[in-house]
Amino acid sequence: MFGLIRNSLFGSVEGWPCQVLSRGEKEEVTYEERTCEGGKFATVEIAGKQFDEASKEAVLKLLKYVGGTNDKGVGMGMTAPVSITAFPDEDSSLQQKVKVSLRIPSQYQDNPPHPGDESIQIEEREGMTIYSTQFGGYAKEEDYVNYAAKLRSALGSEAAYRKDFYLCNGYDPPMKPYWRRNEVWFVKE
């Protein structure tokens, strides 16, 4: 079942269908293991810019797409989270490339509208199992890097997950000042 997430700008938005498998806490970090459904996603890749600038640019393109800048001229509605694939360097800083994704709403999964912007691609993704940790505030690159380090430390060496990327997720519109929800996801191998 698709969950609805309440926020102050968009009302109810469709959430990415995920199910909690387990919860844990270690070194003052609370985390969950979840399984998340696959599906079709609208994605934008941007390279050569800092994380925060590239993310903002890509999100704006995706918002225009779901808002009606597509071949059907249809406003599809918002889904959450907006998911930013980050690529860490050896020193845990982030490379200057991001891939920002938004899950296509369920009623358009079978036949999503074609984007009017050529930089937006529609991808089919498999389901995945993830480890996640949550935090509040207006998330920036530094916050995602710090919480990724905390999650890495909490999971220790026993958990097997992808090290070449992780997902930085935001659930709220920029106009929501309080009780914001952000997460870092590591994809389980």
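Note that the coordinates shown come from a computational prediction; the quantities given were computed from them, not determined experimentally.
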What I'd like to find out is whether the side chain of [X] reaches to under 4.5 Å of the side chain of [Y], using heavy atoms alone.
X	Y	value
Lys72	Asn111	yes
Ser92	Arg152	yes
Glu183	Pro81	no
Cys168	Trp185	no
Arg34	Gln19	no
Ile46	Lys97	no

Tell me if a side-chain donor or acceptor on [X] pairs with a main-chain N or O of [Y] at a distance below 3.5 Å.
X	Y	answer
Asn70	Gly116	no
Thr133	Thr30	yes
Asn182	Gly137	yes
Lys40	Gln109	yes

For Lys56, does the NZ atom sit with more than 12 other heavy atoms under 6.0 Å from it, leaving out its own atoms?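 Atom NZ in Lys56 is not crowded, with 12 or fewer foreign heavy atoms closer than 6.0 Å.
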May I ask you to check whether over 12 heavy atoms, not counting those of Glu142, lie within 6.0 Å of atom CD?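 No, the 6.0 Å shell around CD holds no more than 12 heavy atoms from other groups.
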Linking I/L/V/M/F/W/Y whenever any side-chain heavy atoms sit under 4.5 Å apart, do Tyr138 and Val100 land together?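 No: no chain of side-chain contacts under 4.5 Å links Tyr138 to Val100.
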Between Lys188 and Tyr161, is NZ or CZ placed under 6.0 angstrom from the six-membered ring centre and within 45° of the ring axis? no
Could you please spell out the steps behind the side-chain contact (heavy atoms from CB on, under 4.5 Å) verdict for Phe135 and Asn146? CA-CA 11 Å; Phe135 60 98; Asn146 288 339; over 6 Å; no
Could you tell me whether [X] and [Y] have their ring centroids closer than 6.0 angstrom?
X	Y	result
Tyr171	Trp179	no
Tyr31	Tyr131	no
Phe186	Phe165	no

If you link I, L, V, M, F, W and Y whenever their side-chain heavy atoms are under 4.5 Å apart, who else ends up in the same group as Val29? none
Please assess Ser106 against Glu14 for the test side chain to side chain donor-acceptor pair (under 3.5 Å), listing each intermediate value before the final yes or no. CA-CA 8 Å; Ser106 58; Glu14 185 178 308; 3.0 Å; yes
Take Asp52 and Lys140 through the test salt bridge (Lys or Arg N to Asp or Glu O under 4.0 Å) and record every step on the way to the result. CA-CA 6 Å; Asp52 294 330; Lys140 300 283 186 208; 5.3 Å; no
